[in-house]
Amino acid sequence: MAGNKGLTSPQEDYSRWYNEVVLKAELADYSPVKGTMVIRPYGYTLWENVQEQLDRRFKETGHVNAYFPLFIPMSFLEKEAEHVEGFSPELAVVTHAGGKELEEPLVVRPTSETIIGYMYSKWVRSYRDLPILINQWANVVRWELRTRLFLRTSEFLWQEGHTAHATREEAMEETLRILDLYADFAENEAAIPVIKGIKTERERFAGAVASYTIEAMMGNGWALQSGTSHFLGQNFAKAFDIKFLDQNNQLQYAWTTSWGVSTRMVGAIIMAHGDERGLRLPPRLAPIQVVIVPIWRQAADGKAILAKAQEIATALKGASVRVKVDDREQYQPGYKFNEWELRGVPLRIELGPRDLAANKVVLARRDRPAREGKTTVALSDLTTTVQSLLTEIQASMLSTARAFRDAHTHSVSSYDEFKEYLASEGGFFRVYWAGSNEDEAHIKEETKATIRCLPFDQPEGEGTCFYTGKRTNQVAIFARAY
RNA sequence: CGGGGCGUAGCGCAGUCCGGUAGCGCACAGCGUUUGGGACGCUGGGGUCGGAGGUUCAAAUCCUCUCGCCCCGACCA
């Protein structure tokens, strides 16, 4: 039996598998309002670990956290033409409060560029007030038509960074610094390889001059935009009058950026690593890194084994390992093995009478199939072995994900070939591209694939556009996307 | 909003055609035996059959209206 009992195989029905994993692993549950979800403790702890690692990186690069309000005057949204056009279809608007109709409707923030722009205009007078490097952790609301747990919910959690700078160069540097930061997080914490690139006009954030993205490949070959960093130019500065006197006493508009990673990242972790047994969590983010499953035949053994399990747990905690002893008596070991595998715990310690007698334990790696992933280790070496195994699993998960992505990245030279491969294999398509906005729209209409980005990693030489046949030196990444 | 499907115990479903007063599996509770890859036995608790109205001696079942959810298409972190 390959998979977890009762779990749909990802090969058979990927989206069903995804939903089941989220629900059965107790990451989240549906909430009564359509399109909203409850993030359960296990899922929330995972999110907290994402937060912690991102937040650490923000602070290291000079950013500070603040909080801006949930409600935004409707008129603010309207100040930036593209912005309001982009967001108006999905706004939740409060028209009544305190028992009467409001004079001006309040928008529940879909993102906070506008209210933050408004505040920045109050705070900025001189080049000496710049840069402003603020991040906020918040919830936002976008009334989506089709929702999916973690990937697209009407309300979601995220961080949004909003910075203002004196020069174009500085703002652009910031935009790219954050993109690198996101990529570093994705690869080194989430073990998800990403492609850095710039969005085409069609996919650009409403109101931005340029949008940059990290794109990750999910287990079904689809792309997931996992973080974005926007260079906003002076668009919002002009809309909100963020002006300062420069060193030459000249009045200038500030240059702003915004960037975000959301709870969608949890979806990325699920889909980039999950398998037919369920979730596989990268050790650096896993709420539980090691689970200890005690095993005993006779009640008399139980006490000693549980005591030893606790002793091991204490030792591991002392070494900063997130460990849990599964001391539930109503479940058998086999059940627990499967359950913790479903929930993605990277490493399991099995401790039975034989082990106790020999001063050993069995270690089982989640990233390797049943027997292959099991080793026996002496108790005296346990802590160092666990630590090195966690490091190894983390690295192995990244390289496995990278190998998977590379194996599912194709380069095609004609549109027919593209369509054929997209239908049969899926995955990413790294192709020479000289098409127009309309060409892109047409391809999307016919194949549902979109340009995920124009990757930073561009070829040296020229090639022929797979769609238009024109010569070009630009490549694009096409894929089906969430 | 267009197309398709579904609402019966916490979950998954049967029962609906052909009306007779609700059942199965899992889960849950108690007791006992079990425990190295999803144990078993016995006992037990749990239902306004999505909602409202109608037909009928009698409605989960037939009729009318309604509400909600899921999947597929047009937008998005």
Side-chain angles (χ1 to χ4, degrees), chain A residues 1-7 13 15-16 19-20 23-24 29-30 32-35 85-91 109-112 138-148 150-160 182 199 202-206 211 213-216 224-230 258-268 277-278 293-302 305-306 326-342 348-356 360-362 364 369-371 373-374 376 441 444-445 448 450 481-482:
Chain A
M1 185 187 68
N4 230 321
K5 196 185 276 180
L7 183 68
D13 186 340
S15 59
R16 195 166 159 192
N19 281 330
E20 287 179 4
L23 297 173
K24 291 183 183 212
D29 201 356
Y30 292 104
V33 176
K34 179 176 158 63
E85 196 189 324
F87 280 107
S88 58
E90 45 187 288
L91 293 179
R109 64 179 165 221
T111 178
S112 304
N139 59 338
V140 288
V141 168
R142 300 179 186 177
W143 216 254
E144 300 289 350
L145 298 175
R146 281 197 62 197
T147 56
R148 309 201 53 189
F150 287 112
L151 300 176
R152 196 182 299 102
T153 46
S154 290
E155 178 189 2
F156 58 89
L157 306 185
W158 75 346
Q159 57 71 214
E160 48 179 327
Y182 284 163
K199 286 289 187 184
R202 286 178 49 79
E203 303 274 331
R204 187 190 299 151
F205 174 73
S211 288
T213 178
I214 52 170
E215 296 286 330
L224 184 74
Q225 179 177 309
S226 307
T228 48
S229 185
H230 310 291
S258 69
W259 26 274
V261 160
S262 71
T263 36
R264 172 181 269 192
M265 181 58 80
V266 174
R277 307 183 75 83
V293 178
I295 300 159
W296 63 86
R297 278 186 195 285
Q298 283 151 18
D301 293 339
I305 286 169
L306 268 178
D326 187 351
D327 58 3
R328 295 174 298 174
E329 291 183 20
Q330 69 269 41
Y331 296 110
Q332 291 185 292
Y335 180 93
K336 294 178 179 177
F337 295 170
N338 284 284
E339 178 170 288
W340 291 113
E341 283 170 5
L342 170 70
R348 179 178 67 239
I349 294 177
E350 302 173 11
L351 176 68
R354 292 204 296 269
D355 306 303
L356 190 68
K360 291 179 173 177
V361 294
V362 172
R371 278 226 192 282
K374 284 198 186 188
T376 302
K444 180 177 183 183
E445 202 172 304
K448 291 172 192 160
T450 50
Y482 279 100

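Note that this is a predicted model, so its numbers are computed, not measured. Within every chain, numbering begins at 1; the chains are lettered A, B, ... in the order of the sequence lines, protein sequences first and strands thereafter.
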Considering only atom [atom1], compute the distance from [N] to [M] and round it to an integer number of Å.
{"N": "B:G15", "M": "B:G47", "atom1": "C1'", "value": "15 Å"}
{"N": "B:U16", "M": "B:G7", "atom1": "C1'", "value": "13 Å"}
{"N": "B:U48", "M": "B:A9", "atom1": "C1'", "value": "13 Å"}
{"N": "B:C49", "M": "B:G68", "atom1": "C1'", "value": "16 Å"}
{"N": "B:A74", "M": "B:G2", "atom1": "C1'", "value": "10 Å"}
{"N": "B:G19", "M": "B:A58", "atom1": "C1'", "value": "8 Å"}
{"N": "B:A27", "M": "B:G38", "atom1": "P", "value": "14 Å"}
{"N": "B:G3", "M": "B:C57", "atom1": "P", "value": "39 Å"}

Give [X] one of three labels, base, sugar-phosphate or nothing, depending on what nucleic acid heavy atoms sit under 4.0 Å from its own.
{"X": "A:Arg348", "value": "base"}
{"X": "A:Glu341", "value": "base"}
{"X": "A:Glu350", "value": "base"}
{"X": "A:Gly352", "value": "base"}
{"X": "A:Val261", "value": "nothing"}

Which nucleotide in the list [options] gets nearest to the side chain of [X]?
{"X": "A:Asp355", "options": "B:A77, B:G36, B:G38", "result": "B:G36"}
{"X": "A:Thr153", "options": "B:C71, B:G36, B:A77", "result": "B:A77"}
{"X": "A:Asn338", "options": "B:A77, B:G37, B:U35", "result": "B:G37"}
{"X": "A:Lys448", "options": "B:G73, B:G36, B:A77", "result": "B:G73"}
{"X": "A:Glu144", "options": "B:C76, B:G36, B:G37", "result": "B:C76"}
{"X": "A:Phe337", "options": "B:G37, B:A77, B:G36", "result": "B:G37"}
{"X": "A:Arg277", "options": "B:C28, B:U35, B:G37", "result": "B:G37"}
{"X": "A:Arg354", "options": "B:G37, B:A77, B:G36", "result": "B:G36"}

Practice problem: Specify the residue among A:Glu329 and A:Glu203 whose closest nucleotide of RNA chain B lies further upstream toward the 5′ end. | Solution: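 The 5'-side residue here is A:Glu329.
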
Practice problem: Let me know, please, whether A:Ala364 or A:Asn19 comes out on the 5' side of the other along RNA chain B by nearest nucleotide. | Solution: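 Looking at the nearest nucleotide for each, A:Ala364 comes out on the 5' side.
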
Using purine N1 to pyrimidine N3 plus N6-O4 or O6-N4 for Watson-Crick, or N1-O2 and O6-N3 for G-U wobble, both under 3.5 Å, which nucleotide pairs with [N]?
{"N": "B:C62", "value": "B:G54"}
{"N": "B:C26", "value": "B:G10"}
{"N": "B:A74", "value": "none"}
{"N": "B:A39", "value": "B:U33"}
{"N": "B:G45", "value": "none"}
{"N": "B:G19", "value": "none"}

Self-check item: Contact under 4.0 Å: A:Gln332 side-chain N or O vs B:A39 OP1/OP2
Solution: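 For A:Gln332, the contact criterion (side-chain N or O under 4.0 Å from OP1 or OP2 of B:A39) is met.
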
Self-check item: Parallel, tilted or perpendicular: rings of A:Tyr331 and A:Tyr335 (30°, 60°)
Solution: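 Ring orientation, 0 to 90° scale: parallel.
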
Exercise. On the 0 to 90° scale, with breaks at 30° and 60°, tag the A:His230-A:Phe205 ring pair as parallel, tilted or perpendicular.
Key: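 Ring orientation, 0 to 90° scale: parallel.
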
Practice problem: For atom NZ of A:Lys360, decide whether the heavy atoms of other residues, nucleotides or ligands shown that lie under 6.0 angstrom number more than 12. | Solution: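 No, because the 6.0 Å sphere around NZ of A:Lys360 holds 12 heavy atoms or fewer from other groups.
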
Quiz item: More than 12 foreign heavy atoms under 6.0 Å from CZ of A:Arg16: is that the case here?
Solution: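 Not more than 12 within 6.0 Å, no.
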
Self-check item: Per-pair stack call A:Phe156 and B:A77, 5.5 Å, 30°
Solution: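 Here A:Phe156 meets both the 5.5 Å and the 30° conditions.
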
Quiz item: Centre of A:Phe337's six-membered ring, under 6.0 Å away, within 45 degrees of the axis: is that where NZ or CZ of A:Arg348 sits?
Solution: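 Relative to the ring axis of A:Phe337, which defines the angle, A:Arg348 lies inside both limits.
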
[X] [atom1] to [N] [atom2], straight-line distance once rounded to whole Å:
{"X": "A:Ile295", "N": "B:G37", "atom1": "CD1", "atom2": "P", "value": "8 Å"}
{"X": "A:Gln330", "N": "B:A27", "atom1": "CD", "atom2": "P", "value": "12 Å"}
{"X": "A:Tyr335", "N": "B:C28", "atom1": "OH", "atom2": "P", "value": "7 Å"}
{"X": "A:Tyr30", "N": "B:C70", "atom1": "OH", "atom2": "P", "value": "7 Å"}
{"X": "A:Glu20", "N": "B:C26", "atom1": "CD", "atom2": "C1'", "value": "15 Å"}

Quiz prompt | Pair A:Glu203 + A:Lys444: basic N to acidic O under 4.0 Å | solution =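 Here A:Glu203 does not pair with A:Lys444 in a salt bridge, since their nearest N and O are not under 4.0 Å apart.
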
Practice problem: Hey, could you give me the OG1/CZ distance between A:Thr153 and A:Arg148, rounded to the nearest 0.5 Å? | Solution: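 Spacing of OG1 (A:Thr153) from CZ (A:Arg148) equals 12.0 Å.
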
Quiz prompt | Distance-only donor-acceptor test, A:Lys336 side-chain atoms vs B:G36 base atoms, 3.5 Å | solution =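 Side chain to base: no pair below 3.5 Å.
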
Exercise. Answer with yes or no whether A:Arg142 presents, from its side chain, a donor or acceptor under 3.5 Å of a partner atom in the base of B:C76.
Key: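 Such a pair does not exist between side chain and base.
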
Quiz item: Would you say the side-chain atoms of A:Arg204 pair up with the backbone N or O of A:Lys199, donor to acceptor, closer than 3.5 Å?
Solution: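 Pair absent, no side-chain N/O of A:Arg204 close to backbone of A:Lys199.
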
